[in-house]
There are 2 protein chains.
Amino acid sequence: MTDRLSDVRDNGMTERAIRTQGDILEVATAEFAANGYAGARVDEIAARTRTTKRMIYYYFGSKEGLYLAVLERVYAQIRRVERGIQIDELSPDDALRTLAEATYDHHTTHEAFIQLVSIENIHRAEHLRQSETILRENVTAITLLEEVIDRGVRDGIFRDDVDAVDVHMMISAYACFHVANRHTFAAIFDRDMLDPALQESHRRLIGDMVVATMTDRRNDRRVP
Amino acid sequence: MTDRLSDVRDNGMTERAIRTQGDILEVATAEFAANGYAGARVDEIAARTRTTKRMIYYYFGSKEGLYLAVLERVYAQIRRVERGIQIDELSPDDALRTLAEATYDHHTTHEAFIQLVSIENIHRAEHLRQSETILRENVTAITLLEEVIDRGVRDGIFRDDVDAVDVHMMISAYACFHVANRHTFAAIFDRDMLDPALQESHRRLIGDMVVATMTDRRNDRRVP
DNA sequence: TTCCGAACGTACTAGTTCGTACAGATCCAT
DNA sequence: ATGGATCTGTACGAACTAGTACGTTCGGAA
């Protein structure tokens, strides 16, 4: 739960300092996610922490520095989830479904992450590109997928013309959309995609979708 | 192309006035899409038009009023596309594929629309909800889909436990993601989803995905 | 104790941004 | 042509916002 402390480097910092930084990051995450980068107010963030604006600049240097720290923190979290997935002993199709459901579960329970990704895209990923950590470490999902897909293709149950990045895209698209476009979708179609009553069927649908697409051999490249 | 004039009500306006408004709307669309609502600068928009800031306030009243006009304009455009789709004479699966591809084509060629939808979601659709026009008229897609799905279920080729709104969600998710998350995706996975070289295969994949999911009877509710 | 640097608080500045007052131009009907 | 309505340009102000100068407190080492 409060694993946020592990996100902060603790090179000879006092306990109090670490807590202050964690406090700021937590509030800043909510503020940036809710209002966008330009819409977020440093004064507002400061007011909601138990410390002051001076501390934000003391620890993070600038509004942009704070935003970057927030971004790295939420990406670190999804990395942790990805590393925890066990699919070695599952059949390729069950593994695929498990991966899809794990992504769905993460995204639907981490609204701030999805909102920050949206915001970052509005700004053409200019901040994300500055973070070597994020760029270096966030391909875990692809490695896992590659393994599963290879196995499925070798077993002859998966089509062979769709690669891991494409599958990741399909899964992410479905899971992201639920959270990212929740409000316009609800306004127009009068259906809250995160309504708990729909969760089970939506969770099943993302698995159905990716498994059905990959096991559909109608578009296979190889000669039968 | 320059059908933007039709977006502006022309109750006894001079030709020049209509052009001025269209000019402002075009520039404002780009500015809001590129920088978000709070990040957009009224002065910057004014500077890029052939008129002045005074005119923005004369015609649109406020920054928010301008943003709302921009939003209605891009939604009106996708409505026009949806109304132009002919699928009456297609088989249910071909019709589904055609609808999916049309959505894909629209979204991938109207980046500003997708960006504005993202921005609107960051703000919890607060502006969109103010526009009765958008809320009233933007369910055309669903009506079309309902018809097709009914036909497919009746013919026994579609599963019967997924409704039109769900299918629309799947299609929109895939198509939106390509544009909305283009930059973070490219930064992390080094693949531009809008690369023309990939367009054909991605266009096929959205069709495969929705058709495979709907024709997959493994999860059917009805007894075989 | 004394000292030192890390951690913190207050009050302020410099610059930006939305919006407007006011003055002028243009068009059109009578 | 003339009065009035519709447009347009300029210059400015009030409010807000990121960032900082400067001083204080606290904890531990010598």
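A, B, ... follow the sequence lines: proteins, then strands. Residue 1 opens every chain. As a basis for the values below, the full set of heavy atoms in this structure was taken, side chains included, without hydrogen atoms, waters or symmetry mates.
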Peer 1: Could you state the CE-C1' distance from A:Met55 to C:dT10, rounded to the nearest angstrom?
Peer 2: 12 Å

Peer 1: Treating primed atoms plus P, OP1 and OP2 as sugar-phosphate and everything else as base, which nucleotides of nucleotides 14-29 of chain D get B, S or - for protein heavy atoms under 4.0 Å?
Peer 2: ---SBBBBB-------

Peer 1: In whole angstrom, what separates A:Arg19's CZ from C:dC8's C1'?
Peer 2: 15 Å

Peer 1: Quick one: B:Ile56 CD1 to D:dT10 P, roughly how many Å, whole number?
Peer 2: 14 Å

Peer 1: Looking at the rings of B:Phe113 and B:Tyr75, which for Trp means the six-membered one, are their centres under 6.0 Å apart?
Peer 2: yes

Peer 1: Check this one for me: any side-chain N or O of A:Thr51 less than 4.0 Å away from OP1 or OP2 of C:dG9?
Peer 2: yes

Peer 1: Taking only residues two or more places apart in sequence, or in another chain, which ones meet A:Glu111 in a salt bridge (Lys or Arg N to Asp or Glu O under 4.0 Å)?
Peer 2: A:Arg182

Peer 1: Got a salt bridge between A:Glu26 and A:Arg19, using NZ or NE/NH1/NH2 to carboxylate O under 4.0 Å?
Peer 2: no

Peer 1: Can you find a side-chain donor-acceptor pair between A:Tyr67 and A:Glu120 that sits under 3.5 Å?
Peer 2: yes

Peer 1: Once you round it to whole Å, what is the distance between P of C:dG19 and CD1 of B:Ile45?
Peer 2: 11 Å

Peer 1: What I want to check is whether the side chains of B:His178 and B:His202 have a donor and an acceptor closer together than 3.5 Å.
Peer 2: yes

Peer 1: Would you mind reading off the distance between B:Ile18 atom CD1 and D:dT8 atom P, rounded to a whole angstrom?
Peer 2: 12 Å

Peer 1: Are any of A:Tyr58's side-chain N or O atoms less than 4.0 Å away from OP1 or OP2 of C:dG9?
Peer 2: no

Peer 1: Please name all residues satisfying salt bridge (Lys or Arg N to Asp or Glu O under 4.0 Å) with B:Glu101, sequence neighbours left out, ordered by chain then number.
Peer 2: B:Arg203

